[in-house]
*Asks:* 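Pasting in a structure now, in structure tokens, and then I'll have a few things to ask.
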Amino acid sequence: VKMLPSVGVDEMQGAQMIVEHLWDKGHRRVLYCYHWPAEIHAAAQSRYKSFCRAAKKKGLQIVALIGQNEKSLSPEYLKDELKKYHGEVT
């Protein structure tokens, strides 16, 4: 069997880089949203868990929002959902 080239993703390292970037920019609370429930897609679950671990280690607070369809992740929907948690959103 001939091996084909492939690319792998280090979810934990990527999550740590994202958290460091957000922290360096002064963010202390972030919204994490994704389209499908994590239990359906292994890569989404891995990314979410890695992000949560890195955020906890750094002290970054996460609000998670799971979208069930394209509309549920529209800018208008996200803004309305954020208002429920944090009041006015700019």
Side-chain angles (χ1 to χ4, degrees):
V1 175
K2 183 178 178 180
M3 297 299 291
L4 298 174
S6 64
V7 175
V9 177
D10 184 338
E11 302 289 1
M12 193 62 205
Q13 183 179 4
Q16 289 172 345
M17 292 171 68
I18 292 167
V19 167
E20 285 295 328
H21 175 76
L22 293 169
W23 189 267
D24 291 347
K25 294 291 183 181
H27 301 286
R28 299 300 180 257
R29 290 187 315 180
V30 297
L31 172 70
Y32 188 102
C33 57
Y34 49 93
H35 182 69
W36 296 108
E39 62 272 7
I40 293 175
H41 196 282
Q45 186 176 32
S46 176
R47 277 191 295 274
Y48 180 65
K49 286 181 177 181
S50 295
F51 187 79
C52 288
R53 271 187 244 125
K56 183 177 181 180
K57 185 176 179 181
K58 191 70 175 179
L60 189 66
Q61 181 184 359
I62 301 171
V63 173
L65 181 62
I66 303 169
Q68 300 299 317
N69 55 50
E70 290 295 329
K71 182 182 176 190
S72 67
L73 293 180
S74 70
E76 297 80 19
Y77 176 81
L78 292 174
K79 196 170 186 177
D80 288 342
E81 287 297 305
L82 283 172
K83 284 180 186 178
K84 292 178 188 177
Y85 294 100
H86 302 290
E88 191 56 36
V89 177
T90 58

*Asks:* Do you know the tightest heavy-atom contact between A55 and I62?
*Replies:*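 Shortest heavy-atom contact: CB-CD1, 3.5 Å.
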*Asks:* Does Y32 form a side chain to side chain contact (heavy atoms under 4.5 Å, CB included) with I18? I'd like the steps, not just the answer.
*Replies:* CA-CA 12 Å; Y32 188 102; I18 292 167; over 6 Å; no
*Asks:* For V19 and K58, work out which heavy atoms get closest and say how close.
*Replies:* CG1-CB, 3.7 Å
*Asks:* Taking atom NZ of K57 and atom CD of Q16, what is their separation to the nearest 0.5 Å?
*Replies:* 5.5 Å
*Asks:* Return the CE to CZ distance between M12 and F51, rounded to the nearest 0.5 Å.
*Replies:* 10.5 Å
*Asks:* Looking at R28 and W23, would you say the former's side chain and the latter's main chain have a donor-acceptor pair under 3.5 Å?
*Replies:* yes
